[in-house]
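Accompanying notes for the structure given below.
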Amino acid sequence: MSAKLDQMQKVIDEVLDAYPEKTRNFREKHIKPNDPTEECGSACSVKANIKSRPGVMTIRGCAYAGSKGVVWGPVKDVVHISHGPVGCGQYSWWSRRNYNNGITGIDSFVAMHITSDFQERDIVYGGDKRLTQMCSEIKELFPLAKGITIQSECPVGLIGDDIEAVSRAMTKELGIPVIPVRCEGFRGISQSLGHHIANDSIRDHVLGKAKLENKTPYDVNLIGDYNIGGDAWASRKMLEEMGLRVVAQYSGDATLNEISMAPSAKLNLIHCYRSMNYICRHMEEEYGIPWVEFNFFGPTKIYSALRKIASYFDDKIKENAEKLIEKYTPIMNEVIERHRSRLEGKTVMLYVGGLRPRHVIGAYEDLGMEVIASGYEFGHKDDYARTYPEMKEGTLIFDDVTGYEMEEFTKRLKPDLVGSGIKEKYSYHKMGVPFRQMHSWDYSGPYHGFDGFPIFARDMDMTVNNPSWALIRRKK
Ligand code: SF4
């Protein structure tokens, strides 16, 4: 191990020493010093995508969150039933900022909480009857809904309900697709399996049911952008300015029809690899559609993404990409000039879900900041393999971090900024550490694309340099 790796390993050991032996042995596999060369081998590769240890305050969610909260919930003209007791749907009610155009309750249902509200009798006698009745009520109350999904909560799979049979019968009776999704929270070990299950339900019940008329050679799908604070709109605008035509957005601001038509496109552009690589792989196998990963965070990554995307098309698109870069470079440089001197040399610790822990690194670097620690709630091995080269040698990588570990690493590494979720935010405020929410964008955004970067830069600057931190005594 090099000296840098060794040094970070000592910090890791110090933090882990507080655990009982069994927990220590378990957790040490998930926390490693970064080795961008991967020469350090298994000693530096992070164990990922396995069960959380009980009682350690994991920051993870469940498969229902991955399906209803992430993949399906943003599809706007479909009513999503949170099927089970009242809690899951209530807590996830419009808490993720997947923006959409539409009239809520009329032709868009994203910001609504619709639940079968299980009672004891449903657990004892089964919930299928209630579900059947609900589907009919939805058709009557929301006649413009283009479909219904049934997002299963924990009890549904445990009591043996047959939501597939109900879905088949109601699809026939109501004349709109009723889609069963087996995303009960006990399945898998995090949100991640929920993504996979939701992707498979799109594959089985939606994909290819509608056809695109008047195809063009420039038809693409924007995959894995959930339009947080308008991210997908900022990205779509750029792709259209390049001369491409976006057939479908998966799934921020999406309609069921566009989700169905996706196989008519020429290329899948995937931003969130973790949550939607499954549907891209399927479209490649079944329809021969290639897919390409890209990154729209910060100008450096945006420029190379535009060129990479354009390389799949003719000279016209390649020229348009260059023109777009030329048009926005002075604007991006101006943003960097405004904020870089105030952020240069500041360090960042990140802990997010399945994409951003690596994807936002370039945007921070554009502002002269350095990411010294990063980790995923539910990243897999392939996400970590994509992360190692993005970070410097001897920085910290942690998987499924616990509340205790994150706070202890913060005390030792003293980052100037922490970017994570709402569950972490207020502990950091109390510790006197500048904090930005990197799921909800702290109710700001968009952060994607040329429209997003000025907002990202402003938000980081106003947080790191906020005078209130000087009024709080930061604990040593
Ligand atoms: S684990 Fe079960 S009860 Fe908890 S939010 Fe997920 S589906 Fe609901």
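When a ligand or atom number is given, it counts from 1 through the structure's own listing order. Atom set for the values below is all heavy atoms of this structure, side chains included, hydrogens, waters and symmetry mates excluded.
At a heavy-atom distance under 4.0 Å, atoms from both the backbone and the side chain of Cys154 approach ligand 1.
A salt bridge is absent between Arg236 and Asp253: the closest approach of a Lys/Arg side-chain nitrogen to an acidic carboxylate oxygen does not fall below 4.0 angstrom. Of the charged side-chain nitrogens involved, none lies within less than 4.0 Å of a carboxylate oxygen, so that Glu407 and Lys411 do not count as a salt-bridged pair.
For the residue pair Ser152 / His83, no side-chain donor-acceptor distance below 3.5 Å is found, with atom types taken as modelled.
Nearest to atom 6 (Fe) of ligand 1 among the protein's heavy atoms is Cys62 SG, 2.3 Å.
Separation of the His195 and Phe378 ring centroids falls under the 6.0 Å cut-off.
For atom 3 (S) of ligand 1, the candidate residues are Pro155, Ser152, Cys88; the nearest heavy-atom contact is made by Cys88.
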